[in-house]
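In what follows, a single structure is set out as structure tokens and then discussed.
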Amino acid sequence: MSTAIAGFIVAAFLFLAAIACAALIGYCALMRETLRTAATTSRTSALASQNG
């Protein structure tokens with residue numbers, strides 16, 4: 001009986017881990033443009049300070 005309960009607990013943790021992985025992948029896919037904008041902005045400011 002305790003083995004079956006432990007199996008359900010492990011399955012629940014694996015299920016939650018799978019949901020967390022899917023959420024991370026979705027977040028990275030949807031927020032990609034923010035990363036590009038931040039990289040472009042930092043490069044532009046770095047060039048401006050060198051030329052300025």
Side-chain angles (χ1 to χ4, degrees):
M1 175 111 173
S2 64
T3 307
I5 293 172
F8 284 124
I9 292 172
V10 169
F13 276 112
L14 289 175
F15 178 70
L16 291 174
I19 290 174
C21 287
L24 179 64
I25 290 170
Y27 177 78
C28 289
L30 293 174
M31 299 307 270
R32 188 169 293 173
E33 70 278 358
T34 304
L35 293 175
R36 253 186 277 147
T37 303
T40 304
T41 304
S42 64
R43 260 188 263 132
T44 304
S45 13
L47 289 174
S49 65
Q50 288 176 352
N51 293 334

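Since the structure is predicted, the reported quantities are computational estimates derived from the model, not experimental observations.
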- prompt: Of all residues at least two apart in sequence or in a different chain, which pass the side-chain contact (heavy atoms from CB on, under 4.5 Å) check with Leu24?
  reply: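 Once residues adjacent in sequence are excluded, the partners of Leu24 under the side-chain contact (heavy atoms from CB on, under 4.5 Å) criterion are Cys28.
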query: With clusters built from Ile, Leu, Val, Met, Phe, Trp and Tyr whose side-chain heavy atoms come within less than 4.5 Å, directly or transitively, what are the remaining members of the cluster of Ile25, listed by chain and number?
result: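 Answer for Ile25: none, a lone residue.
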task: Any chance you could pull the hydrophobic cluster mates of Met1, using side-chain heavy atoms under 4.5 angstrom and chaining through other members?
output: Ile5, Ile9, Phe13
